[in-house]
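These notes concern the structure reproduced below.
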Amino acid sequence: MTVKNIVELENIHLEFKGEGHDVNILRGIDLTIETGMAIAILGPSGSGKSSLMSVMTGLEKVSRGQITIAGERIDNLNEDDMALFRRDHIGIVLQAFHLIPTMTALENVAVPLELAGRRDAFEIAEQSLRDVGLGHRLDHYPAQMSGGEQQRVAIARAVAPRPEILFADEPTGNLDGRTGQSVIELIFSLREKLGTTMILITHDPELARKCDRVLYIQDGLIERIEEAGTANGKAAE
Ligand SMILES: Nc1ncnc2c1ncn2[C@@H]1O[C@H](COP(=O)(O)OP(=O)(O)OP(=O)(O)O)[C@@H](O)[C@H]1O
Ligand SMILES: [Mg+2]
């Protein structure tokens with residue numbers, strides 16, 4: 001079943017107990033994202049971008065507010081149900097690749113599928129790695145691959161289960177310009193092929209320009225939202 005709004009956030013607050021005073025990281029975020037959109041999240045360091053992604057992916061519990069992803073309330077799920085929800089709906093790519101060093105590229109992609117009960121895990125994993133141009137690196141270990149190749153394995157792993165939403169936190173942050181560019185092209189070509197909703201945190205204006213909408217985060221709040229075509233001075237259609 002597809003829902004119209006794949007993400008619905010209502011008055012999201014995230015606070016941490018500090019010494020003497022609490023630290024307010026997210027201070028009342030309301031956000032709706034329609035299914036199929038590509039969203040870029042921009043903002044200064046420390047503004048709350050990764051925190052926002054952590055609450056949307058259930059890696060961090062909100063202090064207040066409601067989160068509905070793919071039609072399901074997730075703010076009140078326990079850890080086990082949250083892990084299942086992530087497995088069934090969400091793909092995550094982080095700046096550091098988080099590959100398992102003792103597993104080959106193929107195993108890094110296939111083992112999570114196998115754990116999810118897919119009998120055809122290795123076939124799906126191989127196809128997913130071919131899709132990201134790594135058909136010739138299936139049996140390589142992370143240490144035997146370049147940064148760009150490792151990030152492509154991480155992307156293959158995130159998209160192999162065909163998630164409804166792909167979250168990426170600075171997916172090109174650890175890559176040089178040219179490699180980053182090819183990873184961006186890869187992400188968008190996968191989107192074209194699969195129609196996945198994408199939420200990308202980035203410092204890269206080039207990447208942001210390719211998205212349908214750009215959210216600017218400042219001090220734990222959404223400061224403004226720009227629709228595609230207006231970000232670079234052009235009028236919206
Ligand atoms: N577990 C935590 N405990 C206390 N403060 C935290 C915690 N996690 C994050 N913060 C604080 O929350 C604020 C927002 O952090 P966050 O990582 O979301 O920023 P960001 O926008 O992703 O920044 P960057 O662009 O540098 O990655 C920062 O001031 C950070 O120090
Ligand atoms: Mg961050």
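Just so you know, ligand 1 is whichever comes first in the structure, and atom 1 is the first atom listed for that ligand. Nothing here was measured: the structure is a model prediction, and the numbers come from that model. Below, each value reflects all heavy atoms present in this structure, side chains not excepted, and no hydrogens, waters or symmetry copies.
- A distance limit of 4.0 angstrom between heavy atoms and ligand 1 selects the residues F16, I25, P44, S45, G46, S47, G48, K49, S50, S51, E170, H203.
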For this session: Please lay out, stage by stage, how V3 and T35 fare under the test side-chain contact (heavy atoms from CB on, under 4.5 Å).
Result: CA-CA 7 Å; V3 292; T35 301; 4.0 Å; yes

For this session: Kindly determine whether E126 and L138 satisfy side-chain contact (heavy atoms from CB on, under 4.5 Å), including the steps that lead there.
Result: CA-CA 7 Å; E126 184 172 336; L138 301 178; 3.7 Å; yes

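- A salt bridge links D120 to R118: at least one charged side-chain nitrogen sits closer than 4.0 Å to a carboxylate oxygen.
- Salt bridge present: R213 and E34 bring a charged side-chain N and a carboxylate O closer than 4.0 Å.
- Ion pair E206/K210 not flagged as a salt bridge, since none of the NZ, NE, NH1 or NH2 atoms sits closer than 4.0 Å to an Asp/Glu carboxylate oxygen.
- When distances to the Mg ion (ligand 2) are checked against a cut-off of 2.8 Å, S51 contributes no N, O or S atom below that limit.
- Looking at I201, L200, I199 one by one, the single match for side chain to side chain contact (heavy atoms under 4.5 Å, CB included) with M53 turns out to be I201.
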